[in-house]
Amino acid sequence: MQEFAIILVSSILINNYVLVQFLGLCPFMGVSNKLESAIGMSAATTFVLTLTAMASYIVDIFVLMPLGLIYLRTIAFILVIAAVVQFTKMFIEKTSPLLYRVLGVFLPLITTNCAVLGVALQNASKDLNFMQSSLYGFGAGAGFSLVLIFFSAMRERLAAADIPAPFEGAAIAMITAGLMSLAFMGFSGLV
Amino acid sequence: MILQSIRFNAIVLAVFALITAIILASTDSLTRDKIAESERKAAQRKLLEIIPIERHDNDLLMDVQPIPKRFWAQLGLKSGGDIHIARRDGLPIAAIIPAITPDGYSGSIAMIVGINFDGTIAGVRVTEHRETPGLGDKVDLKKSDWILDFDDKSLVNPERDGWDVKKNGGTYDQFTGATITPRAVIHQIAETLEYFSQDSERLLAQAAENLDKIIESSDE
Amino acid sequence: MAFKQITSPHAHAAQNTTKVMQLLLWATVPGLAALTIQFGWGSLINIVLAVVTSVICEAAIIKLRKRPVAFYLRDYSAAVTAVLLGLALPPLAPWWVVVVGSMFSIVIAKQLYGGLGYNPFNPAMVGYVVLLISFPIQMTTWITPLALLPEGVSHPGIVESLGIVFAGYSPADGVTGATPLDSFKHSSGLVVDQIYQNDPLFSQAAFAGVGWEWVNLGFLAGGIVLLATRIFTWHGPVAMLAAIALMSIIFWDGGSSESPGSPLMHLFSGASMMGAFFILTDPVSSAVSNRGRLVYGALIGVLVYIIRAWGNYPDAVAFAVLLANFAAPFIDNYTLPRTYGHTDRRRATEKEEDA
Amino acid sequence: MIESIAQQPILAALIALVGLGILFGALLGYAAEKFKVEGDPIVEQIDELLPQTQCGQCGFPGCKPYAESIASGDAINKCPPGGQSTINAIASLLDVPAPELDAEHGEEADLKTVAYIREDECIGCTKCIQACPVDAILGAAKLMHTVIADECTGCDLCVEPCPVDCIDMLPLEEGLKQWHWPAPLKTADLIASDRAPHSEEGRAA
Amino acid sequence: MTKTWVTPGGVHPPENKHQSLTLPIGALPIPEKLLVPLSQHIGAPANTCVKVGQKVLKGQKIADATGSVSVPMHAPTSGTISAIEDRPIAHSSGMSAPCIEITSDGKDNWIDHEGIADFEHSSPQILTKIIADAGIAGMGGAGFPSAIKLSPGHQRPIDTLIINATECEPYITADDSAIRERAAEIIEGIGILSHILGNPSNILIGIEDNKPEAIAALQPHVADSGISVVSFPTKYPSGGEKQLIFILTGKELPSGTLPAEAGMVCINIGTTYAIKRAVVNGEPLISRVTTMTGNACGINRNYETLIGTPVSHMLAHSEFNEAACSRLVMGGPMMGFSLTSADVPVVKTTNCILAPSYSEIPDDEPAQPCIRCGMCAEACPASLLPQQLFWYSQAEDHDRLEAHNLFDCIECGACSYVCPSNIPLVQHYRHSKGEILKAREEKVKSDHARERFEFHQQRMEQAEKDKEAKRAARREAAEKAKASTAAATGAGSAADIITAAQARAAAKKVSPEQQQAKFERSIAGAEMRVQMATEKLAEAAADQTDEQKNILTAALNGAKQKLEQAQTRLADHIEQHKELDSEQVK
Amino acid sequence: MSDVTASEVVKNGLWTNNPALVQLLGLCPLLAVTGSVVNALGLGIATLAVLVGSNTIVSLIRNHVSDAVRLPAFVIIIAAFVTCAELLMKAFTYDLYQILGIFIPLIVTNCAILGRAEAFASKNKVGLAALDGFMMGLGFLAVLVALGAIRELLGSGTLFADMHLLFGATASSWVLQPFGENYSFLIAVLPPGAFLVTGFLIAIKNAIDAANKRRADAQRDAPVKGAKRIRTTGHIS
Ligand SMILES: Cc1cc2nc3c(=O)[nH]c(=O)nc-3n(C[C@H](O)[C@H](O)[C@H](O)COP(=O)(O)O)c2cc1C
Ligand SMILES: Cc1cc2nc3c(=O)[nH]c(=O)nc-3n(C[C@H](O)[C@H](O)[C@H](O)COP(=O)(O)O)c2cc1C
Ligand SMILES: Cc1cc2nc3c(=O)[nH]c(=O)nc-3n(C[C@H](O)[C@H](O)[C@H](O)COP(=O)(O)O)c2cc1C
Ligand SMILES: Cc1cc2nc3c(=O)[nH]c(=O)nc-3n(C[C@H](O)[C@H](O)[C@H](O)CO)c2cc1C
Ligand code: SF4
Ligand code: SF4
Ligand code: SF4
Ligand code: SF4
Ligand code: FES
């Protein structure tokens, strides 16, 4: 139990995938200027991350390892991700059109989110078991969601700020993210 | 209609997969040896820093002995580890022992300690740590030479009490603004020396036994 | 006859932003006095240096933006940021540490966002954290409190202090040492009673840690004045202090060797009181509603405790404040007050009100 | 079996990749056919935001076609009557950055206008009636025409067809009912102008 | 002591009420000219029912109510209608609106009028009608026609009648002095209201505790009348309808609802007095108590002021020193609006004219940035977050503004009052409210336009289809005919095609000519316009300003240009046509 | 789309549509590996190679795949290139490979590449597509190296340290140390520094663009009003 808690705290706060490990930055910078869409994006990403962590574990353990094809991890995992994303899309579309309306637009973006592939690769290189892999996947998603949602609320606030012209838009978003990652350094050493 | 689409798309993807598989597999087989070589070199490098190539003539990576479980706690190891033996002309001259101290400022610090079979230190390197950059990270040779202070020291030089930072009455320097990291490292090195003094005979015996095997395998 | 078209209301209360800032500066005096008595001239030098740097930076940027410099400088906010940063830095820190910190505070944390009122992060704390991360040695070298100075040694005088700050002379032996939180954190393996007996930082203290308890009392006094003059409401500070107290009671653990310390120690050590009354009350970067400030303050309290107890850093007010700044806009969306005539509180993300 | 495959690196890679490829290819093919997306509610939402002037300045015959085009990826800055506020609204709907109005399609007008027919010059040709996209012009052949001001969107499509040029676009009068407070001046602008404080006596008095 | 509740927020600006209370309510000489705006209330402007030059008597109706939410206007004094035109009126915009100007004849002759002494015997309907005809609109604030508030048709019976005697704004003492001098009549007015509303069980006069004299004046009259005078601590803005209701009853009006829906009616004390005069004395609303105050005036006091009196007239009789005056405010310092001209008239809602000196109300300092100190939120009586409203107003984020309940802001100005950064918060809110309302209006308009467009498209399609159908029918008929002729003649289809082609060519030929005709017509039109413009310009040359001349010249040039265009188009057309013809010849 | 000229492609990749500063794609490696010039250079070159390769192949096959599998096919192509690059780096620059770690396989998702394949290569001829890949890669590389240089200099006070990882032993001596031995300003090499410096780079680009635009605006005439217009009501007879 404690181990699980440690995995979660570590992946959400201390080694936050966005602010500390630099994974998944493009969607982080790109879509998060509206709180509502940030929440949708977060939910979709967390779901896909957890699912790919599981699926790529299976592919890794049951296909790649026995065949001695570790070097094919990248290509195999990216296929897994594409398939999972597509599956998720289909599944949601069919079972809950309401949810699909909320999440639908975000799903394709997730394929190109390198946090997803990053987590799969990291898990594979760390020799985790199935439970741990899934938890890392979920933790990565939760950490991504946390900063994405807070960040979007903050960007909404910045909409009215009197920012010097060259810094408007992406530049100030970068700087804000920098200050956020500064704050996250406070978590170092927690576990 | 559906079936047709499935078949067409599947074939296209399969063709892709085929071509990539060929390309990748050939790249892999072309680079495989080179990669193994690089990996070996990298793994050797740390060991070689401690026992330079002039001092030994065996393959450090191959000459290994597992650490008995009863010593794990003393060395701070959670899941065991291997000791590398350096030899010259078949004679063991030094052992390279992995150790971990849990008492670093931010978590544990992993190191390898090379000890000559006469009980003096051949060299110490910190292999993994999360100490504060600028403060505790001076235990890393990249940042400071402090770790070289241990060369040639032993359990009698200094005495056991001297194995501490100056602040606590020992003989080793602490860093400005950071005492915890060096203290943890010093204590663990001393512990490792203690371990070695208890276990060196068994290591020697085992090394002699291994010699035959190694000769055999290298003959092949 | 022609008159001006001016919007109502026509009357205004006597309060203005400049006066608020000035009052805040006055309220730091008890804390500053305690710091100076306990640790010598260093804090004063820090403050002067920080104020000069900050005001110059602020003026330069306003000028660059072609705005009226005099008008914007009049609000004193750069001075407040500088003073708070100066108070937080270790006394006798080298001059360049103070200068770099002030520049970061004013230029990056404040002016890049448009200056006063727009910065989402507390500028003083941004400056502090940047320094802490970049120059850990200088930032963790504290001065020994007056009561613990070795015999025959005293705090450097003003001239000597200036020498230390500007010319890099090193202070006499025994003048620098650990802070109570630092010391406590690294006496692992000892039960709390042992620490309190062995460590002079605690054994010679009245109730928390030598020197630091007075500094904290000083800031508490200043804070109460600000509360009484309604510069801010009680919600933030009280929530933070209550959260720290609560956390330290829950994890007090009877004072075993694993205990992270007593409530009294946590409340009166480090930057607790300064944080509660001067830092987290920074209106610009905190949550806006009273309910929001309760959440915000409590979040800071919990984070301070978590990082102090289990994290890398002995004190964590700066990190906790920045983390809570980060959460503040989100908190704001969910802590609107209940408006007259509405049965429920609203969420800011609601498009239409629920029936 | 597995071991024997693993002995053959190329074969192993081939089997793994082709296997995965076939699996996912089949899957996606299936998905592509089975779950074709139909109807796009986003078009309606975009159309809601367009000003419905129906002027065609965007290069489409009406607002709805332009909305459809946006939904399939066209630029969102082609509607001058909507101006920047419409662009912003669409940008926020689609969650994309808001560009400036594309000058190629015209400039945003400061004032809303309505068509006005000078009735004594109107020859009753009905051309304007045919041109008006919202049927805002009343009249019959050979009888003079009038514009119902409330219905007119100000698209000025009726101006050009008129053979005797009797249609003017007049700015919509702003009366008391339309007036609302303007936003206060920004401080920087205020200080730049001459509105310095009249007296420094302070407000404490 | 009746229990009162405490509202959140609120401020305590210096009261400054004593200045205007040293003298009793006075009367001003009748001004030479009075200006009665047709729109002094919420709702549709009244409709003039007099003509320029017509003589009117005091109290004579000069404008009719239009529609249900409207009130009539009456002549405030006797005299002649000298103008009916747009004049600057008392409005924040400083804009002009239709007004009736009456040149007083100085005689102040009343029209015949008669009241109902024993109103208890009249039905509420009759009394409400009297109130409506007397032109009474709320005198406490928004100017809502009082008769509507009093008319039945509420979902629930009125059980609480609240008389608003709060007068929470600084400086204003109109209600205070009215109560001191006219308590009996006011109580009689309350009696009328009570009767109309079916004797509500609760009748409360809400009054702040800074008016002890007024409370004392009321006390003797309310003894065992079922009316309670409730005093409560002074705090701005206790007088706001919603706030007062909460203070007196502890109930909140749900957002967007009217007091009537909660079984309450809230009427200003001045309105009550006007109702009494209307019912018992038969006098329409032609004058009101207005406070004239501020240090830029030598005399501070209340006047019984005729509606339509120009503010300049009041100032002239108050030792006004223009140089010392920092601004001219109609209403109080918190909610009143500044006047750009002193020529605007006093209207039914004008309770105060404030002419402060610079030391009293200095010019606004430029706004500093909002530091989110929250003082505004502490002051807001509606528990809003003014700083967030301000923020989103700057960001023009309408969704967030509405989510932050912008429309529950009563524009009391308490937030601006306390703001240490001098931000004109209320103006931001007013601006944003205006923008949102405008956007909503435009949405309605554009939805309407879409419908019309779709209808238009449909109609066109239908027309196309009809045409198509007709064509098809014709073709069928022709074919049938052909078939029968073919059957008769046996051949000739080739000949048919040829004739059809000829017919088509002939049809084509007509069109260039038609077009030419069109061009010629447009040239004629353009020529006429040039001529007209030239004439006008010539006419104008003598007596118009330069500006107008410029406009006319521009018009002339435009016309000339159009003429040229038309001519070139014609020339082009002819040219083209020739080419075409020659080609055809080849 | 196919009417773009080569010079436009060059300008697009290097400046106007720079993948890192404008499109904000490929941010993860951009921020993660720019602690020093050598890391930046290593990853930049790998990315460049993959971009050119994948663009070329995608452009070659663009007419032979259906919409449904286009994306997965592209992904496979890119992943294949990346795996090759990975294996080669592992074989020849092992230490650098160790430092760059996970960011080499992540070139796959490096949205820059995917974005390019989708947006350009699948619609253009081979030559142009390759050029585009090269220019985009170069633009990306340039930003990577600039960031790396700034952060290395600010953070550790060195420039071109550890170049031997990429260029062999002789490159060890290339290192410059303008501020002396003891200089360090850690924040610049830590994650926050990456964000801050990138922010400043973007701002500098914006400032230059704004200045250029102002100059261009001064020369250009007013736009034509209502130039492109269409009748919404069909023909008027
Ligand atoms: C931000 C921060 C980081 C620190 N990092 C380390 C570290 O890495 N290693 C260490 O031994 N001490 C570290 N310390 C602890 C103190 O610098 C120091 O060890 C403590 O004050 C006792 O040292 P002293 O006995 O030399 O005064 C750190 C302290 C702070 C505030
Ligand atoms: C647009 C509008 C419509 C109103 N409609 C009614 C109504 O139908 N019935 C009623 O009793 N009062 C009505 N009122 C009057 C209000 O209840 C209230 O008395 C009036 O707004 C004056 O409030 P005071 O200025 O707060 O501003 C209306 C007010 C406004 C502004
Ligand atoms: C902020 C604010 C303050 C007000 N203060 C008073 C007041 O002091 N006295 C008053 O009679 N009406 C005041 N009003 C107007 C009342 O809300 C309400 O319109 C009035 O009492 C209704 O009566 P009437 O229709 O007779 O005018 C105020 C309104 C607002 C918004
Ligand atoms: C009660 C109060 C507390 C403040 N605390 C801080 C602070 O902690 N840090 C700071 O930089 N400025 C502080 N300020 C000053 C001011 O808000 C600050 O300069 C702005 O954050 C800059 O935009 C404070 C001001 C007030 C009124
Ligand atoms: S330009 Fe705008 S208003 Fe005109 S038709 Fe196009 S979308 Fe409609
Ligand atoms: S009347 Fe003219 S301007 Fe108005 S909508 Fe019709 S065509 Fe457009
Ligand atoms: S009182 Fe003024 S400065 Fe303070 S929060 Fe409100 S608007 Fe901002
Ligand atoms: S004006 Fe509006 S926001 Fe301001 S205090 Fe009054 S009700 Fe609140
Ligand atoms: S590079 Fe785009 S998400 Fe990481």
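Within every chain, numbering begins at 1; the chains are lettered A, B, ... in the order of the sequence lines, protein sequences first and strands thereafter.
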Visitor: Among E:A97, E:P424, E:G434, E:S432, which residue has the highest count of heavy-atom pairs closer than 4.5 Å to chain D?
Guide: E:G434

Visitor: Name the region of E:I89, side chain, backbone, both or neither, that has any atom closer than 4.5 Å to a heavy atom of chain D.
Guide: side chain

Visitor: What part of D:L49 gets within 4.5 angstrom of chain E, counting heavy atoms only: side chain, backbone, both, or neither?
Guide: neither

Visitor: For the residue pair E:H431 and D:H180, categorise the inter-ring angle as parallel (less than 30°), tilted (30 to 60°) or perpendicular (more than 60°).
Guide: tilted

Visitor: Between E:R450 and D:K64, is there a donor-acceptor pair closer than 3.5 Å when you use the side chain of the first and the backbone of the second?
Guide: no

Visitor: How far does NZ of E:K438 sit from OG of D:S85, to the nearest 0.5 angstrom?
Guide: 8.5 Å

Visitor: From E:Q394 CD over to D:K186 NZ, what is the distance, rounded to the nearest 0.5 angstrom?
Guide: 6.0 Å

Visitor: Considering only heavy atoms from C-beta outward, does the side chain of D:P51 approach that of E:S446 to under 4.5 Å?
Guide: no

Visitor: Check the surroundings of atom CD in E:E441: do more than 12 heavy atoms from other residues, nucleotides or ligands lie under 6.0 Å from it?
Guide: no

Visitor: Shortest non-hydrogen contact from E:F453 to D:P61?
Guide: CZ-O, 4.1 Å

Visitor: Tell me, please, which residues at least two apart from D:Y66 pass ring-ring contact (aromatic ring centres under 6.0 Å, His included).
Guide: D:F60

Visitor: What distance separates D:Q130 CD from E:M460 CE, expressed to the nearest 0.5 Å?
Guide: 6.5 Å

Visitor: Checking heavy atoms, do the side chain of E:E396, its backbone, both or neither come under 4.5 Å from chain D?
Guide: neither

Visitor: Side chain from CB out, backbone as N, CA, C, O: work out which of these in D:D47 comes under 4.5 Å of a heavy atom of chain E, or both, or neither.
Guide: both

Visitor: At a heavy-atom separation under 4.5 Å, does E:K433 approach chain D through its side chain, its backbone, both, or neither?
Guide: neither

Visitor: Could you tell me if the ring centre of E:H428 sits under 6.0 Å from that of D:W181?
Guide: no

Visitor: Could you look at E:S96 and say if it's the side chain, the backbone, both or neither that has a heavy atom under 4.5 Å from chain D?
Guide: backbone

Visitor: Is there a side chain to side chain contact (heavy atoms under 4.5 Å, CB included) between E:K443 and D:E48? Walk through the geometry before answering.
Guide: CA-CA 8 Å; E:K443 184 87 191 69; D:E48 287 278 300; 3.1 Å; yes

Visitor: Thinking salt bridges, do D:D135 and E:R459 make one under a 4.0 Å N-O criterion?
Guide: yes

Visitor: Do D:P182 and E:Q427 have side chains that get closer than 4.5 Å, going by heavy atoms?
Guide: yes

Visitor: Taking atom types as modelled, is there a side-chain donor on E:H448 or D:E151 under 3.5 Å from an acceptor on the other?
Guide: yes

Visitor: Look up atom CZ in E:R452 and atom SG in D:C132, then write down how far apart they are to the nearest 0.5 Å.
Guide: 8.0 Å

